[in-house]
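What follows is a short report on a single structure.
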Amino acid sequence: MKALYYCVRQGGKVSRNYFDMFANRSGGEFFTSAPKGYKPGKIKYIVFVGTVISGLGKGVAMAALARLLKENGFKVSPIKFDGYLNVDAGTLNPFRHGEVFVLDDGTECDMDLGTYERFLDENLSSINYLTAGKLFKKILEKERKGEYLGRDVQFIPHVTGEIKYLLRDLGMKTDADIVMVEVGGTIGDIENSYFIEAIRQMQYEEGMENIMVVALVYIMKPSTLGEQKSKAAQLGIRTLMGMGLRPNIIVCRAEDIIEEKVKQKISIAANVPLKNVIDAHNVKTIYELVLNLKSQNVDEIVLQHFGLKTKKIDLEAWRNFVSKIVNAGKEVTVGMAGKYTQLHDSYASIIEALSHASAKNNCKVRLKWIETTQVEGVEKQLEGVDGLIVPGGFGSRGVEGKIEAVKHAREKKIPFLGLCYGFQMAVIEHARHLLGMKSAHTTEVDPYTEFPVIDLLPEQKRIKDAGGTMRLGGQDVIIEKGTKAYEIYKKEKVRERFRHRYECNPDFVDRLQEKGLIFSGYAPGKRIMQILERTDHPFFLATQFHPEFTSRPLKPSPIFDAFVKACLQARNK
Ligand code: GLN
């Protein structure tokens, strides 16, 4: 054992065979927490934690810094840890948790992954997302296979060891220079305590020069006092230190610009230089944060810490994009007929996709939430909208109201975009009102309907489990030439992301393509309809997929771009 300790750190440098010595086969208290061939010090780590309150926008702050580091020429790999016991986010209620984001490989994850993809303009995969459920599932499966044979499986070293392993493995698999880790929730939560402990261990194992901790704090400004108070933030920092994490950068969130006095207090409390106390007060658009962090040289602070080269970066395109969002003159109003109208986070990607498209079209989109639980009120609510979106959804609540909204958009020639459930609503509306199938429905809502125009995908009929079993992730879509869809994409094949169990019933496909409706996109070699459009309408298009998931700030989704253009045209009429 003495020999083990001896070779751990020599002269402040981690010895080459340090991680080999951690192999549990040594019979000691160590545990293999690095993949084969791992060289400590090569990959750098930045860990984002939150204190005071959750919902501070850790994901946005991390994504903005990730973008800056990418601009400096480094390969950045983000990962989010969520303390939930759910294995993925697919079984979470968007009303409680916000949108379920879908990656190209079909991973259902937290909406922060969407933020990372948008800021980095990169596709991520399942290794960029970790929940406590996924972590413990892996550990329990290993235990059953006897991979810890003879050992009592413990939080230290096994759980912390697996965490360290996964972070290092992500770095190696993605050939990352910098792994950025967002720890969900706030410091002090029981749910992420062992994760924080793993990071504490990593500080020593990787060496302080190879890891940084960024703490987000909230600076309160009680209305009765009218001045910013830093005590809660200081206490949060103290809790963080009590857990053995020394922050390197403190990002201060607040409504207004952070007062100098507050920054100084935070600097003293956190043992960090004043320049590492960052002002991240509310901005008009989240994309502005990239510019704000740059103006405070956060990328340079990070790269200097790691001993990496900084370079002059060109943010002109980004600056232009932000200024178009902030200074847009024209405004269009888009009605959004969704179920979770109380919680905007449920539709985060749609809202972002609209902002990317509106920046490109020099306008602003104002959302009007359309409550669809009462059919009667729908038409009135749609007065004055320049376009209508019927987004994705599940179950029967509000369905009749959504169908009514589609009918109104069709009849009044209001630009219409249906997304997933919205596509299915458009099929039902068409069947009911134009083809005389009065009781047409989806079997999701009415399993015994006479006209099941929307029905379970054949492969779904055998599935009983709810988690991760839908038709998920990126799939190819063949686009029919000479259609609106082709005009939009200008390609015969595109890749878009899906998340559905039901589809347009193949038995009805021919019958449905009468009286103005055509299917202009479908799955290669299969009879799964993926885009529909109306030939008797200026802009009426719906997709079985979610184009919002692949929209990026400087590369808006072509579908959203076309929809916003149509809304502008409708407004100018
Ligand atoms: N509930 C529908 C289905 O499962 C639509 C899903 C969605 O909108 N994401 O097919």
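Nothing fancy with the numbering, it's 1 onward along the sequence. Order of listing sets the numbers, starting from 1, for every ligand and every atom in it.
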Which atoms form the tightest heavy-atom contact between Ile428 and Thr442, and what is the distance?
-> CD1-N, 3.7 Å
Pair Asp82, Thr131: side-chain N/O donor-acceptor within cut-off below 3.5 Å = no
Can you say whether the rings of Tyr287 and Trp318 are parallel (under 30°), tilted (30 to 60°) or perpendicular (over 60°)?
-> perpendicular
Closest contact, heavy atoms only, Arg253 versus Leu216 | CG-CD2, 3.9 Å
Please work out which of the three classes, parallel, tilted or perpendicular, describes the rings of Tyr194 and Phe81, given edges at 30° and 60°.
-> perpendicular
Short N or O contacts of ligand 1 with protein, under 3.5 Å, listed by atom name?
from: ligand 1; atom 1: 1 (N); to: Gly393; atom 2: O; distance (Å): 2.9
from: ligand 1; atom 1: 1 (N); to: Glu444; atom 2: OE1; distance (Å): 2.7
from: ligand 1; atom 1: 1 (N); to: Glu444; atom 2: OE2; distance (Å): 3.1
from: ligand 1; atom 1: 4 (O); to: Arg501; atom 2: N; distance (Å): 3.0
from: ligand 1; atom 1: 8 (O); to: Gly393; atom 2: N; distance (Å): 2.9
from: ligand 1; atom 1: 8 (O); to: Gly393; atom 2: O; distance (Å): 3.4
from: ligand 1; atom 1: 8 (O); to: Tyr421; atom 2: N; distance (Å): 3.1
from: ligand 1; atom 1: 9 (N); to: Arg499; atom 2: O; distance (Å): 2.9
from: ligand 1; atom 1: 9 (N); to: His546; atom 2: NE2; distance (Å): 3.4
from: ligand 1; atom 1: 10 (O); to: Gln424; atom 2: NE2; distance (Å): 3.1
from: ligand 1; atom 1: 10 (O); to: Arg501; atom 2: N; distance (Å): 3.2
from: ligand 1; atom 1: 10 (O); to: Tyr502; atom 2: N; distance (Å): 2.9

Taking everything shown except Lys360 itself, do over 12 heavy atoms lie less than 6.0 Å from its NZ?
-> no
